[in-house]
Amino acid sequence: MAEALRQVKAALGEEAVLLETATRDGIVTVTAAVDDDEPPLVEDDELRHEVRELTALVRALVPELGHGALPAVRSLAQALAAQGVDGAVAAALVRETAAGLTAGRGFAAALAATLPAAQRLDARIRLVVGPPGDGKTTTLVQLAARERMAGRRVVLIGADAARIGAGAALSAYGRALDVPVLLAPEPGTLVAALAAAGDADRILVDTAGVGAGQKVELAELSRLAGEAGPAAARTLVVSAGMGSIAAARTCRAYASLGLDDCVVTKLDAAPGAPVLGELWRCRLPVTHVAEGRRIPDDLTPATAERLARCLLAA
């Protein structure tokens, strides 16, 4: 094996990427590749090497990828690596996008085709959940404002008993939007609040912010979701500033709730590729993105083009 690796380096140079090694019947087989095109325009040697590895891997796994598609694939690989997207997630996302390019789609369409679509956008009851400080209550109010603009009857329910003043803040928002606000701060009171909402077209439930490591609070949130019933949609709200590790922990922690979709906030502070990459890995659709606190202007639908810009950091 050592001799085989020496020959690979001698033939392809130090930038050669090892794709596969195998030993059978005393014969060593090494599959390697090198990107002969112009290197990506990045100064960081480690980042340059990571981009080369991603590009070479894609070329090996998608052999029918045309030479003309390589610049787009390399741009995506470079953007994901530069933003700190988990390497395995980045490789899989780039590979799926490259496969879409070979099917004749343009780059934006190929990248968009890898993103999952939300299924329960018209749910009457929606629980809004997420880590503390990621903009959950603001997002709920922004969603309520959009529903009001569409002519629907909206009721807000405050089920956040952890944050001091949460009920008062939600009531103030309700007065500004001219929508009823009900409070369900105690266990078992959400069912009564849902009944009191009457024939409202949309019922949005604000919940306590819960971190990925708060097992007791996550169990309480799961109980609350049970009170809302299986017909209620569960929307996760996460910040674009969240890194890959934190995003992975959050997705794992909230998976038991049976999440339906996600809203990514604070895109005015970070492009959000690490968290978007993790949401892509979990196949959790992103329905909206938020770039500030203005109601409702800073909350916009997460179109494929918008998410592509986030992943490309452009």
Side-chain angles (χ1 to χ4, degrees), residues 40 42-55 57-58 72-98 107-108 110-116 118 129-136 139 209-214 235-255 257 259 261-292 298-300 302-314:
V42 290
E43 297 179 359
D44 187 279
D45 289 338
E46 183 177 349
L47 175 58
R48 182 185 296 110
H49 182 68
E50 187 173 353
V51 173
R52 283 186 180 275
E53 284 189 322
L54 279 175
T55 306
L57 178 62
V58 170
V73 170
R74 186 184 294 109
S75 294
L76 178 59
Q78 180 176 331
L80 297 180
Q83 292 188 72
V85 177
D86 177 82
V89 173
L93 179 55
V94 172
R95 184 177 68 246
E96 282 200 22
T97 303
F107 178 66
L111 181 55
T114 70
L115 306 174
V129 301
D134 280 7
K136 180 172 46 58
T139 297
V210 179
Q214 297 178 286
T235 297
L236 177 67
V237 175
V238 292
S239 166
M242 186 178 290
S244 292
I245 296 176
R249 290 189 64 205
T250 299
C251 288
R252 286 196 299 269
Y254 277 89
L257 268 66
L259 296 171
D261 51 62
C262 182
V263 175
V264 177
T265 62
K266 304 187 180 182
L267 278 169
D268 50 329
V275 69
L276 284 172
E278 187 60 34
L279 294 171
W280 174 85
R281 186 189 69 79
C282 298
R283 296 305 192 209
L284 185 60
V286 179
T287 60
H288 293 80
V289 295
E291 297 180 272
D298 285 341
L299 183 76
T300 56
T303 64
E305 292 77 11
R306 183 67 182 88
L307 294 178
R309 291 204 305 274
C310 296
L311 290 168
L312 291 168

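- In terms of the salt bridge (charged side-chain N to carboxylate O under 4.0 Å, His left out) criterion, R249 has no residue partners (sequence neighbours excluded).
- Contact record, T114 with W280: O-NE1, 2.9 Å, taken as the closest heavy-atom pair.
- The shortest heavy-atom contact between C310 and P271 is CB-O, 3.3 Å.
- Note that SG of C262 is 11.0 Å distant from OH of Y254, once rounded to the nearest 0.5 Å.
- Between R306 and L267, some side-chain heavy-atom pair lies under the 4.5 Å cut-off.
- Side-chain atoms of L311 and L93, non-hydrogen and from C-beta on, do get closer than 4.5 Å to each other.
- Evaluation of the side chain to side chain contact (heavy atoms under 4.5 Å, CB included) rule for T287 yields A118, L121, D261, V263 as partners, not counting sequence neighbours.
- Rounded to the nearest 0.5 Å, atoms CG (L276) and CG (L284) are 10.5 Å apart.
- In terms of heavy-atom proximity, D134 sits nearest to M242 at OD2-CE, 3.5 Å.
- The side chain to side chain contact (heavy atoms under 4.5 Å, CB included) check on A248 picks up R252, E278, with sequence neighbours excluded.
- For L80 against A273, the heavy-atom pair with the smallest separation is CD2-CB, 4.5 Å.
- Nearest approach of P131 to L236, heavy atoms of both residues: CD-CD1, 4.4 Å.
- The side-chain hydrogen bond (donor to acceptor under 3.5 Å, both in side chains) search around E96 returns R283, not counting sequence neighbours.
- Looking at heavy atoms from C-beta onward, D268 lies out of side-chain contact with D298 at the 4.5 angstrom threshold.
- For the side chain to side chain contact (heavy atoms under 4.5 Å, CB included) test, residues two or more places apart in sequence or in another chain that qualify with S244 are D86, P274.
- Nearest heavy-atom pair, G135 versus T265, reported as atom, atom and distance to 0.1 Å: O-CG2, 4.4 Å.
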**Request:** Run the numbers on V275 and S239 for side chain to side chain contact (heavy atoms under 4.5 Å, CB included), then give the verdict.
**Result:** CA-CA 8 Å; V275 69; S239 166; over 6 Å; no

